[in-house]
> 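The structure under discussion is supplied below as structure tokens; questions concerning it will follow.
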Amino acid sequence: MKDDDTYRQSSQFQLWSFSSSKLRSLREAVNAAAAERVRKNLVEERNVEGATTNGDGDANSEGGIHVECLTPDEEQILVDFYADRVYKTTAIFKDEAKNPLLPAHIRATAVIYFKRFYLRNSVMDYHPKQILFTCIFFATKSENLWIGGIDTFCRITSGANKRPVTPEEVLTHEFLLCQSLNFAFAVHHPYRALHGIYLDLQQTLPNIPVSELGKWYDTAKTVINKTICSDAQFLYTPPQIAMSAYLATDNERFTLYLSSKITNDAEREQVASQLTKCQEYLKKWEVPTLAQATAVDKKLHYCKNPDKDPNSALFRKRKAEEAQHEEERKMKKFKEAQEKARKEQDDLFGAPL
């Protein structure tokens, strides 16, 4: 029960483990930066629209637009709601015998990628619907699970969601997802620790029938499945989450197990205190309701970043500028090649070796 030095050297611990106050500060910073971008770009969007309709892009950029952006708590409601949608969507993948195709750890990986993405980005920039399928598809690739390629993936998700899901929709933000994950794709789940404890329980508490331990294991796994979309992954280590799940489902037996593993009273109290905090967090956490998410989504409609919205005039302007810049770059490269060829042709002895 001592510090797991191997885990503490992992990218998960170093990049994605926080205190509750640090996690809150991080989300507030992401939210504040996004709100500033939204207000700035909404002014620019108005100017672009004014230039398009009136031929005059000199609209007043100092006032006239007052937008109420999402708060960090409102963003979190939407993120947690759609994290649950990610988890539920992974259940639609089945094999020919109608058995689940994605194991629990891959379903959890998709959710964790999704949650980590929104520690670096705001829903005001990227709506969760834009990232949902990207996280699921990339999770299958990072976990080496072949599901038939992007076309098969889109066919399955389109049928389940009753709307077309295109390869472009899935792949457009894949590199952005990788950047947001700091290219650290390994995920340590509580499932492995949960199974390890199950095996150890058989040795430590031999008087309990294996069948009962199996039921205990299944019940504890259900606790983890129900809270996989929570912030527990950022606040606690995988073994802490696994032990807290056992503690939540049979306090008396797990306390006995803990007493047999940690004989030092002070150490045992310290571990028990941390597990109790994690258990209480898991117990009180709930997925936001559809009504809560809908209310936030309606507000988001008026404060989404036009620079990321394909339907906005600002987005179309930026894309046109990018296309023009690319065309100019190609033309410049073509002219340089022509000039180089002309000089080589004019040189009696050819180009220098």
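Bear in mind the structure is a predicted one, so any value in this text is a computation, not a measurement.
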> Is the side chain of Y217 donor-acceptor paired with the backbone N or O of Y246 at a distance under 3.5 Å, no angle test?
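Such a contact is absent between Y217 side chain and Y246 backbone.
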> Are L275 and W285 linked, directly or through intermediate hydrophobic residues, by side-chain heavy-atom contacts shorter than 4.5 Å (ILVMFWY only)?
yes
> Locate the shortest heavy-atom distance separating Y118 from Y126; write the atom from each residue and the value.
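Minimum heavy-atom separation between Y118 and Y126: OH-O, 2.7 Å.
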> Given the rule in the side-chain contact (heavy atoms from CB on, under 4.5 Å) test, do V79 and K115 qualify, once you have shown the distances and angles that lead to the verdict?
CA-CA 7 Å; V79 170; K115 294 273 290 188; 4.2 Å; yes
> Quick one: salt bridge (Lys or Arg N to Asp or Glu O under 4.0 Å) partners of D218, sequence neighbours excluded?
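Listed in chain order: nothing, the list is empty.
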> Could you go through the side-chain contact (heavy atoms from CB on, under 4.5 Å) check for C229 and D80 one step at a time?
CA-CA 6 Å; C229 301; D80 285 349; 5.8 Å; no
> So if you build clusters from Ile, Leu, Val, Met, Phe, Trp, Tyr with side-chain heavy-atom gaps below 4.5 Å, do V271 and L282 land together?
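Yes, it is one cluster - the side chains of V271 and L282 are joined through contacts under 4.5 Å.
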> Would you say T134's side chain and V170's backbone share a donor-acceptor pair under 3.5 angstrom?
yes
> Specify whether F13 and Y7 have parallel, tilted or perpendicular ring planes, treating 30° as the upper limit for parallel and 60° as the lower limit for perpendicular.
perpendicular
> What do you reckon, is NZ of K88 surrounded by more than 12 foreign heavy atoms closer than 6.0 Å?
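Open.
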> With the threshold set at 4.0 Å, does a side-chain nitrogen-carboxylate oxygen contact exist between R253 and E212?
yes
> Give the minimum heavy-atom separation between L119 and R27, together with the two atoms involved.
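So the two residues come closest at CD2-NE, 3.5 Å.
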> Take the angle between the ring planes of W16 and F18 and call it parallel below 30°, perpendicular above 60°, tilted in between.
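Plane angle over 60°, so perpendicular.
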> Taking all non-hydrogen atoms of both residues, which atom of I228 and which atom of Q233 are closest, and how far apart?
O-NE2, 3.8 Å
> Would you confirm whether the ring centroid of H127 sits within less than 6.0 angstrom of the ring centroid of Y82?
yes
> For the pair D73 and R24, find out whether any cationic side-chain nitrogen is under 4.0 Å from an anionic carboxylate oxygen.
yes
> Within the distance-only criterion (no hydrogens, no angle test), does the side chain of N99 pair as donor or acceptor with the backbone N or O of K94 below 3.5 angstrom?
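Looks like no, no N/O pair under 3.5 Å.
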> Counting the benzene-type ring for Trp, do F254 and Y257 have ring centres under 6.0 Å apart?
yes
> Could you tell me how the ring of H189 sits relative to the ring of Y191: parallel (under 30°), tilted (30 to 60°) or perpendicular (over 60°)?
tilted
> Does one hydrophobic cluster hold both F137 and F175, with members joined at side-chain heavy-atom distances below 4.5 Å?
yes
> Tell me, do N225 and Y87 make a side-chain contact under 4.5 Å, heavy atoms counted?
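A side-chain contact exists here, since the closest heavy-atom pair is under 4.5 Å.
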> Could you measure the distance from the CG atom of N31 to the CD atom of E36? Nearest 0.5 Å is fine.
11.5 Å
> Spell out, yes or no, whether F183 and L171 are grouped together once hydrophobic residues are joined by side-chain heavy atoms under 4.5 Å, including indirect joins.
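As far as the 4.5 Å side-chain criterion goes, L171 and F183 are connected within one cluster.
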> Using modelled atom types only, decide if a donor and an acceptor are shared between the side chain of E74 and the backbone of T71 within a distance under 3.5 Å.
yes
> Quick one: does N182's side chain have a donor or acceptor within less than 3.5 Å of a partner on A184's backbone?
no
> Does E267 pair with K261 as a salt bridge, N-O distance under 4.0 Å?
no
> Which atom names give the shortest non-hydrogen contact between C69 and V38, and what distance separates them?
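In terms of heavy atoms, the two residues are closest at SG-CG1, 4.2 Å.
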> F81 versus D297: any side-chain heavy-atom pair under 4.5 Å?
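No, too far: nothing below the 4.5 Å cut-off.
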> Between W146 and I106, is there shared hydrophobic-cluster membership here, with clusters defined by ILVMFWY side-chain heavy atoms closer than 4.5 Å?
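They do not share one cluster, since no chain of ILVMFWY contacts under 4.5 Å joins W146 to I106.
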> Hey, does the side chain of D200 reach the backbone of G196 with a donor-acceptor pair shorter than 3.5 angstrom?
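No.
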> Please check: side-chain N/O of T157 versus main-chain N/O of C154, any donor-acceptor pairing under 3.5 Å?
yes
> Looking at residues at least two apart in the chain, or sitting in another chain, which of them share a side-chain hydrogen bond (donor to acceptor under 3.5 Å, both in side chains) with E169?
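So E169 forms a side-chain hydrogen bond (donor to acceptor under 3.5 Å, both in side chains) with R163.
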> Spell out, as yes or no, whether a donor-acceptor pair under 3.5 Å connects the side chain of Q292 to the backbone of T289.
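Looks like yes, one N/O pair under 3.5 Å.
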> Search all heavy atoms of A242 against all heavy atoms of I197 and return the closest pair with its distance.
CB-CD1, 4.2 Å
> Return yes when atom CD of Q202 has more than 12 non-hydrogen atoms of other residues, nucleotides or ligands closer than 6.0 Å, and no otherwise.
yes
> Is it the case that the side chain of Q14 and the backbone of Q9 share a donor-acceptor pair, with hydrogens and angles ignored and the cut-off at 3.5 Å?
yes
> Is the side chain of S273 donor-acceptor paired with the backbone N or O of E269 at a distance under 3.5 Å, no angle test?
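Here the side-chain-to-backbone pair does not exist.
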> Taking all non-hydrogen atoms of both residues into account, name the closest pair between F93 and L102 and its distance.
CD1-CD1, 3.9 Å
